[in-house]
Amino acid sequence: MKESEDIGKPESQNFIEQAIEKDLNEGRNGKRVHTRFPPEPNGYLHIGHAKAICLDFGMAENYGGKCNLRFDDTNPTKEDVEYVDSIKEDIRWLGFTWEDREFYASDYFGRLWEFAVSLIKRGLAYVDDQSADTISEQKGTTTQPGLSSPFRDRSIEENLDLFFRMNEGEFAEGSRVLRAKIDMASPNMHMRDPIIYRILKTPHHRTAAKWKVYPMYDFAHGQSDYFEGITHSLCTLEFEVHRPLYDWFIDQLKTDDYRPRQIEFNRLNLTYTVMSKRKLLELVKDGVVKGWDDPRMPTLCGLRRRGYTPESIKRFVDLIGYTKVEAINDVSLLEYAIREDLNKRAPRVFGVLKPLRVIITNFPEGVSEEMEIDNNPEDESQGKRIVPFSREIYIEQDDFSENPPNKFFRLAPGREVRLKGAYIISCTDLVKNSEGEITEVHCTYDPETKSGGPQADRRVKGTLHWVSAAHALNAEVRLYDRLFSDEDPSGHKDTDAREFLNPDSLTVIKDCKVEPSLVDAGPLTRVQFQRVGYFCVDYDSRPGMLVFNRTVGLKDTWARLNK
RNA sequence: UGCUCCGUAGUGUAAUUGGCAACACGCCUGACUCUGGAUCAGGAAAGUCUAGGUUCGAGCCCUAGCGGAGCAACCA
């Protein structure tokens with residue numbers, strides 16, 4: 001009864017979907033939905049961008065519309081083709097496509113110029129000869145109105161002449177700007193005669209030295225939306241106060257009923273994470289991390305290298321939703337999303353991080369036995385793999401204790417444990433070196449207890465993972481912890497991100513041993529080392545040495561074993 | 001002391017637009033037992049920032065207050 005009611009019940013909508021459907025119902029813009037993702041190519045995409053990408057492309061998908069990729073490249077001093085390429089790669093990796101709709105704000109420099117000229121001719125824009133400081137002073141404050149520039153009422157002819165000469169390169173950077181003539185007393189600071197063009201002589205990565213003046217964001221964004229036929233321009237909350245200006249320019253530009261509409265949503269904030277592109281760039285430049293794709297970085301390429309899947313990121317974005325509340329999302333939710341995904345798709349394999357040699361004294365020398373083990377006990381379709389077993393194996397150092405404390409249910413002298421997928425073994429002896437360190441443990445095995453064998457059901461205290469010494473592959477494992485810790489930098493907007501660095505954010509463990517089935521594992525192969533966590537093969541693995549990045553650890557693994 | 005936006009379990013989101021405050025993560029119990037912290041079962045936790053008002057009925061509408069965020073780059 002209740003279930004049948006639920007079936008017809010529509011999924012709850014977020015406020016953006018509601019706004020879009022309202023527009024659709026009212027027949028606006030020919031009932032089209034057309035969005036755009038507009039990154040500035042001045043850095044690598046991070047997970048915050050993923051939230052915007054999922055929205056922009058997702059809304060288009062939901063409503064049978066399109067989503068353009070548009071590079072907001074109006075500031076040649078900060079932008080570079082390196083970033084253009086990485087941005088495209090990351091969007092594709094997330095699984096979205098812009099087909100042939102790859103645009104650049106710089107594609108519209110000509111039309112924006114024409115529009116600016118038109119504003120001048122209509123008396124709605126003027127060239128200001130004052131310095132940045134003076135203009136800033138005249139702007140007033142949030143509580144006091146601004147003052148008019150002495151150049152505000154320059155003649156149209158003079159404005160035109162100056163604007164053209166600005167673009168000829170006749171004037172120095174910073175010497176003149178073009179401003180829209182709106183309202184110096186507006187309570188909205190952005191409406192107080194905003195600067196719309198400035199002189200920049202740095203060559204542009206696409207238009208080279210063609211232009212000497214470049215439009216500001218506010219003068220490029222809405223118009224670019226208009227030129228592309230965008231219906232819903234989704235951006236983050238901090239642009240809310242820009243909306244009146246966005247609309248003002250559209251009003252001056254539009255020639256028919258079509259008009260794009262800006263809707264703002266909350267930016268992604270993650271605990272223990274810095275999301276500012278500027279600060280991430282500093283970390284890269286200062287060598288705090290090894291690059292934009294350092295697995296500790298919140299960049300998409302960093303997360304990818306760490307082993308995150310696109311699905312898990314989309315799932316996470318889905319979980320946190322879109323609102324107008326400035327929320328701080330807990331990274332544990334992101335970790336949940338990747339565990340949930342990897343639990344289903346990552347095969348279980350044996351990896352011993354800190355090996356301890358175990359000799360099974362009653363097992364024949366020079367013989368190896370093939371154990372057939374499920375790749376994923378929860379998913380039979382992932383099949384089984386062969387893991388060789390032999391007289392000498394490695395187990396985890398932590399899985400042996402000479403003088404076991406209470407509730408230690410793993411291997412200890414005189415005790416029995418099960419080797420996952422193989423036999424029950426019993427510890428008979430141990431060997432120490434001159435420093436008193438345990439170097440070898442001797443055990444006997446019970447042939448009747450092989451997995452599936454007659455005695456396999458026997459209850460033992462614990463189950464251990466293992467790797468046959470003769471067959472083991474050498475590996476190096478990098479455990480990544482949070483780059484920032486203790487004091488949470490996500491709430492500190494203006495402080496130096498480096499103050500919050502966690503000195504233990506990277507731990508490298510060498511001399512690890514992993515099972516031979518991984519011999520051909522290529523970069524980004526994701527596995528679960530049983531009882532340890534999820535790992536992913538790194539790009540710089542080399543023959544004879546597999547390198548793994550830890551994606552995310554299993555939580556408190558020993559606790560259950562010791563229960 | 002201006003303008004704009006926002007206040008719902010610890011966190012993030014819902015609430016069929018005025019009708020029994022729900023879901024997820026996290027946390028706690030229990031079950032399962034070659035290990036997955038998966039799966040299953042259960043539990044604690046908000047009475048919706050505050051005070052008024054309208055109404056049979058308010059998280060939702062109105063008023064005032066409190067609290068938080070954004071805005072004064074020739075950045076986006």
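Below, chain A is the first sequence line, B the second, and so on; all start at residue 1.
Syn is the glycosidic conformation of B/G47, whose angle stays within 90° of 0.
Using atom C1' as the reference point in both B/U8 and B/U50, the two lie 15 Å apart (nearest Å). B/C62 and B/U4: their P atoms are spaced 15 Å apart (whole Å). Rounded to whole Å, the C1' atom of B/U29 lies 37 Å from the corresponding atom of B/G68. B/G47 and B/G19 have their C1' atoms separated by 16 Å, given to the nearest Å. The gap from the P atom of B/C20 to that of B/U63 amounts to 25 Å, rounded to the nearest Å. For the P atoms, the distance from B/G18 to B/G2 is 32 Å, rounded to whole Å. The C1' atoms of B/A58 and B/A21 are separated by 12 Å, rounded to the nearest whole Å. Straight-line distance between the C1' atoms of B/G59 and B/C49: roughly 12 Å, to the nearest whole Å.
A/Ile199 has its CD1 atom 19 Å from the P atom of B/A73, to the nearest Å. Atom CG in A/Leu268 sits roughly 17 Å away from atom P in B/U11 (whole-Å rounding). What separates NE2 of A/His221 from P of B/A76 is a distance of 12 Å, to the nearest Å. Between the CG atom of A/Asn343 and the C1' atom of B/U39 there is a distance of 10 Å, given to the nearest Å. Note: CD1 (A/Ile328) to P (B/C25) measures 22 Å, nearest angstrom.
You'll find a donor-acceptor pair under 3.5 Å spanning the side chain of A/His242 and the base of B/A76, going by distance alone. At a cut-off of 3.5 angstrom, counting only N and O atoms as typed in the model, there is no donor on one side facing an acceptor on the other between the side-chain of A/Ser332 and the base of B/C25.
Shown are A/Phe219, A/Tyr214, A/Tyr217; of these, the ring pair (Phe, Tyr, Trp, His ring centres under 6.0 Å) with A/Tyr197 is made only by A/Phe219.
Taking the nucleotide of RNA chain B with the nearest heavy atom to each of A/Val177 and A/Arg418, the more 5' of the two is matched to A/Arg418. Comparing A/Lys51 and A/Ile135 along RNA chain B, the residue whose closest nucleotide (by nearest heavy atom) sits nearer the 5' end is A/Lys51.
Using a 4.0 Å heavy-atom criterion, one finds that A/Tyr322 contacts the sugar-phosphate atoms exclusively. Contact annotation for A/Ser136: backbone-only contact, meaning every heavy-atom pair under 4.0 Å involves sugar-phosphate atoms and none involves a base. When heavy atoms are screened at a 4.0 angstrom cut-off, A/Arg192 is found touching no nucleic acid atom at all. If you check every strand for non-hydrogen atoms under 4.0 Å, A/Lys324 touches sugar and phosphate atoms only. A/Glu79 comes within contact range of no nucleotide atom at all, as no heavy-atom separation falls under 4.0 Å.
Taking a 6.0 Å sphere around CZ of A/Arg482, one finds it holds more than 12 heavy atoms contributed by other residues, nucleotides or ligands.
Distance from the side chain of A/Tyr217 is smallest to B/A76 among B/G2, B/A76, B/A24. Ranking B/G70, B/A38, B/C75 by closeness to the A/Val241 side chain, first place goes to B/G70. In the set B/A73, B/G12, B/G70, B/A73 carries the atom at the smallest distance from any side-chain atom of A/Lys78. Listed candidates were B/C71, B/A15, B/A76. Nearest to the side chain of A/Gln18 is B/A15. The side chain of A/Thr74 lies closest to B/A76 when the candidates are B/C74, B/A76, B/A38. Checking B/A72, B/G12, B/U35 against every side-chain atom of A/Ala327, the shortest atom distance belongs to B/G12. Closest to the side chain of A/His190, from the set B/C34, B/C71, B/A76, is B/C71.
A cation-pi arrangement is present between A/Arg385 and A/Phe350 under the rule of less than 6.0 angstrom and at most 45 degrees off the ring axis. In this structure, A/Arg206 satisfies the cation-pi test against A/Tyr104, with its NZ or CZ atom closer than 6.0 Å to the six-membered ring centre and inside 45 degrees of the ring normal.
Close to B/G70, at under 4.0 Å from its OP1 or OP2, lies no side-chain N or O of A/Asn266.
Of the inter-residue distances, the one linking A/Trp292 atom CH2 with A/Tyr44 atom OH reads 8.0 Å to the nearest 0.5 angstrom. In this structure, A/Ser332 OG and A/Leu270 CG are separated by 10.0 Å, a value rounded to the nearest 0.5 Å.
Relative ring orientation between A/His204 and A/Phe109 is described as perpendicular, the plane-to-plane angle rising above 60° on a 0-90° scale split at 30° and 60°.
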